[in-house]
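Just so we're on the same page: letters track the sequence lines, and every chain starts at 1. Note that these values count all heavy atoms, side chains included, but never hydrogens, waters or copies made by symmetry.
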Number of protein chains: 2
Amino acid sequence: MNQTMEKDKTDKKDHILDVAEKVFAELGYDGASTRLISGEAGVNMAMLNYYFGSKEGVFLAIFERRIATFQSSLLAIGNDDTANTWDKLDMYVDSYVERVVNNNCFHIMLNREISKSKKTDMTDQITTIIMKNVTVFQDIIATGIKTGEFNKDVDQQLLVATIFGTKNYLINTPHISSRVIGYDVMEQDNQEKLLKPRLKTYLKKLLKAYLQN
Amino acid sequence: MNQTMEKDKTDKKDHILDVAEKVFAELGYDGASTRLISGEAGVNMAMLNYYFGSKEGVFLAIFERRIATFQSSLLAIGNDDTANTWDKLDMYVDSYVERVVNNNCFHIMLNREISKSKKTDMTDQITTIIMKNVTVFQDIIATGIKTGEFNKDVDQQLLVATIFGTKNYLINTPHISSRVIGYDVMEQDNQEKLLKPRLKTYLKKLLKAYLQN
DNA sequence: TTAAATTAATCAATCGTTTGATTAATTTTG
DNA sequence: CAAAATTAATCAAACGATTGATTAATTTAA
């Protein structure tokens with residue numbers, strides 16, 4: 001009894017966060033009103049404040065919910081010492097593409113807010129999270145260079161911009177990228193069958209071309 | 001007399017647009033209020049509507065002002081038939097990096113609005129503009145493949161995502177990219193002496209590694 | 001003097017949030 | 001067990017603040 005009640009409540013909060021995440025991705029944080037979010041979610045407006053305290057609380061709740069899975073999948077790669085660095089790099093690309101495309105609404109929302117050049121509490125928090133992801137990638141590259149597997153004459157830091165930037169371009173500017181690659185990148189079927197495998201293959205090939213001796 | 005008057009008026013309008021561009025980049029379109037923009041520009045709030053009709057009018061005016069130089073520099077490269085395709089590619093990278101870094105506030109503003117996944121008049125207009133830039137790059141790649149200068153086994157379309165995505169990452173997420181590359185990418189001195197030459201060199205090298213046979 | 005430029009004051013609309021009341025569910029008490 | 005007390009969830013209504021926009025009055029310039 002108590003269990004099902006708790007379950008229902010969590011489901012409801014999760015449902016609100018699902019909808020909010022989508023609306024934030026569509027209209028941006030400032031452009032999405034609490035009225036619209038609550039309306040789309042089919043709940044009373046006051047429930048947002050009751051559950052999450054404030055509009056920013058909703059935003060942060062979306063955040064915290066995604067972080068959990070985020071962190072664990074990163075650790076898995078970082079701690080795997082069996083693979084050589086090239087394999088590790090491939091694993092990272094696979095995991096990263098999978099994760100980002102699956103949570104594309106979240107990443108659109110994320111990148112929209114971090115692109116505000118004015119520094120705020122929100123941009124600071126987002127920066128911290130994203131940097132953890134970046135560091136794992138940087139460590140792999142640094143290791144490969146140290147072991148001599150990768151060409152030492154590469155720009156490690158701009159390579160970060162390339163890998164994450166390529167992904168951002170496809171996911172965060174769907175109107176543009178859909179025109180460029182010829183199909184709707186926001187449609188889930190296209191993402192699974194076309195975008196994911198293609199992006200994985202491409203990024204690995206690009207890294208190989210640039211990093212090999 | 002009339003000339004100086006016209007000049008002064010144009011200067012004032014330009015000044016408002018300069019400030020608005022910066023504020024839009026800092027806070028986003030929705031986050032930037034007309035009161036703040038007019039305050040920062042040191043003019044009465046009503047002047048925005050007097051000059052540009054509406055807040056959206058200010059946004060579009062910023063747009064139109066940048067488009068002119070935008071288009072002309074694109075044509076220059078497209079029409080140059082003397083160079084071989086590799087040289088043309090280098091020229092494009094130089095021109096592109098120069099243009100984007102110089103107008104970084106504009107591009108931050110631009111990409112924030114195009115990243116709204118909901119289709120609007122604004123996203124349509126922005127898409128049209130950006131696609132012109134993309135097409136020039138795509139034509140160069142297509143030519144190089146046709147002439148056999150470039151490897152034919154490349155993903156032309158995702159390469160677009162890489163070139164423009166790398167730039168976007170550096171310019172549009174300054175909090176992140178500044179941490180990654182170690183200095184403030186928004187500071188003009190850093191942009192001129194460090195970022196521009198480095199990015200030009202890097203992009204050419206990356207393209208060469210991926211495109212060569 | 002007349003048209004253009006600029007201002008302060010004001011507008012309706014919308015924003016995020018809070019309120020007090022109501023219902024439903026749970027716990028406590030006799 | 002059953003009545004009473006307590007808690008949690010939900011709602012419509014309204015809050016003060018801020019939004020973009022407009023007005024009417026005033027100043028400036030030709």
Side-chain angles (χ1 to χ4, degrees), chain A residues 1-24 26-63 109 112-113 116 118 120-122, chain B residues 1-24 26-63 109 112-113 116 118 120-122:
Chain A
M1 279 299 197
N2 207 335
Q3 265 186 337
T4 45
M5 208 289 261
E6 278 292 324
K7 190 72 190 309
D8 285 348
K9 179 181 155 188
T10 304
D11 280 354
K12 193 162 196 174
K13 288 176 101 171
D14 257 345
H15 173 244
I16 293 176
L17 294 182
D18 283 340
V19 171
E21 196 175 68
K22 200 171 166 188
V23 177
F24 280 142
E26 278 177 355
L27 302 169
Y29 179 79
D30 294 305
S33 72
T34 55
R35 280 171 179 79
L36 180 61
I37 294 172
S38 58
E40 292 277 309
V43 301
N44 189 278
M45 206 173 42
M47 295 310 293
L48 298 191
N49 298 87
Y50 180 74
Y51 279 141
F52 308 106
S54 65
K55 182 184 181 181
E56 186 171 342
V58 174
F59 186 84
L60 293 176
I62 294 172
F63 229 85
M109 186 189 87
R112 266 190 63 80
E113 296 316 310
K116 290 177 180 170
K118 176 164 242 175
T120 63
D121 286 348
M122 214 180 253
Chain B
M1 278 299 194
N2 208 335
Q3 263 184 338
T4 46
M5 206 288 263
E6 278 291 326
K7 189 75 190 311
D8 286 348
K9 181 181 154 190
T10 304
D11 280 354
K12 193 162 192 175
K13 289 175 99 172
D14 255 346
H15 174 243
I16 293 176
L17 294 182
D18 283 340
V19 172
E21 196 175 68
K22 199 173 168 187
V23 177
F24 279 143
E26 278 177 355
L27 303 168
Y29 179 80
D30 293 306
S33 72
T34 54
R35 276 171 181 77
L36 180 60
I37 293 172
S38 59
E40 293 277 310
V43 301
N44 189 280
M45 202 176 54
M47 296 307 292
L48 297 191
N49 295 294
Y50 182 71
Y51 280 142
F52 308 106
S54 66
K55 182 184 181 182
E56 187 171 339
V58 175
F59 187 84
L60 293 177
I62 294 173
F63 230 86
M109 186 190 88
R112 266 190 64 80
E113 296 316 309
K116 290 176 180 171
K118 178 164 237 174
T120 62
D121 286 346
M122 213 179 256

Any side-chain heavy atom of B:Y50 within less than 4.5 Å of one from B:N44? no

Using a 6.0 Å cut-off, check whether atom NZ of B:K55 has over 12 heavy atoms from anything other than its own residue. yes

Side-chain atoms of B:R35 come closest, of D:dA9, C:dT10, C:dA5, to C:dT10

Measuring to OP1 and OP2 of D:dG20, would you say a side-chain N or O of B:T34 lies under 4.0 angstrom away? yes

Would you say A:Y50 reaches C:dT18's phosphate, i.e. side-chain N/O to OP1/OP2 under 4.0 Å? no

Can you see if the side chain of A:S33 gets near the phosphate of C:dC15 - specifically, an N or O under 4.0 Å from OP1 or OP2? yes

Under 3.5 Å, is there a donor-acceptor pair between the side chain of A:E113 and the main chain of A:Y29? yes

Check the phosphate of C:dA5 against B:K12, side-chain N and O only, distance under 4.0 Å to OP1 or OP2. Yes or no? no

Side chain of A:Y51 only, heavy atoms from C-beta on: which candidate in C:dA8, D:dA9, C:dG16 is closest? D:dA9

Choosing from C:dT6, C:dA8, D:dA13, which nucleotide comes nearest the side chain of B:A46? C:dA8

Any side-chain N or O of B:N44 below 4.0 angstrom from OP1/OP2 of C:dT6? no

Backbone N/O of B:V58 and side chain of B:Y51: donor-acceptor pair under 3.5 Å: no

